[in-house]
Amino acid sequence: MIVLKTVEELKKMRAAGRISQRALRLAGQAVEPGVTTSELDAIVRKYIEDQGATPSFLGYGGFPASACISVNNVVIHGIPNEKTILKQGDIVSIDVGAFFEGYHGDNAWTFACGDISDEAQRLLDTTRDSLFEGIKAAKAGGRIGDIGHAVQRYAELRSYSVVRDFTGHGVGAKLHEAPNVPNYGTPGRGAALMPGMTIAIEPMVNAGTHRVKVLRDKWTTVTADGKLSAHFEHTLAITPDGPVILTDAD
Ligand code: MG
């Protein structure tokens, strides 16, 4: 069931979104060669808890950390650890959720560790821009398929592929609500977009095949061909005046 939010609820979601955005930004600023992914996770957890909020991912389905940190060929759900030491040229996807006063904010960004290759930079730019194409398509009166189509078209025109096995989702009192928000689709298909809907759009874009596999730890999801992957996400509200990003710190 799709839960529509009142204006009051959207205010609370914006507060949760702001905390998740600031935590993500702090972790991103700490990305540099020599830093471990568990150090980044600690930054996220401390910031969120200092705000009186709770990391949405900690313990979610048994996930053992506050952020998902996915380096290079890891698409999503990388588990922060002390053995993964970032090095120059890595691309580092950080996914952060914060739960505050009854609502979640969920966002992700892929950061460059030092100087990265032109090829990696192009993947980051394309994935980020595909997210904003998806957000532009998230209009009341439209359909979920409009969003996926906008993301997919933007990425595929640039010779990348979009992951099928994982999707964006509704966000609210629960971290994952209806509807699913795929990064592929057909315009005019899928659930109707209505004012008060709050969704996370989160393109996962691969340099090679769209196929992914989940490692034995049941979380870490990697590209099937070992090529790079990037991930950008915002939580937003559908309003009569267009999409409003809730995971916005400013
Ligand atoms: Mg999400």
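Being a predicted model, the structure only gives us computed values, none of them experimental. In listed order, ligands and their atoms are each counted from 1.
The atom name of the N/O/S atom in E233 closest to the Mg ion (ligand 1) is OE2. The name of the N, O or S atom in E202 nearest to the Mg ion (ligand 1) is OE2. The Mg ion (ligand 1) is closest to atom OD2 of D106 (considering only N, O or S atoms).
Under 2.8 Å from the Mg ion (ligand 1) lies no N/O/S atom of D95, from backbone or side chain alike. At a cut-off of 2.8 Å, H176 is not counted among the residues with an N, O or S atom near the Mg ion (ligand 1).
With Y154 as the aromatic partner, R158 meets the cation-pi criteria of under 6.0 angstrom to the ring centre and within 45 degrees of the ring axis.
V31 has its side chain within reach of L86: a pair of non-hydrogen atoms, C-beta onward, lies under 4.5 Å apart.
The shortest non-hydrogen separation linking P64 to I79 is CG-CG2, 3.7 Å.
Looking at K87 and D90, a side-chain N of the basic residue comes within less than 4.0 Å of a carboxylate O on the acidic one, giving a salt bridge.
For F63 and H77, the ring centers are positioned 6.0 Å apart or more.
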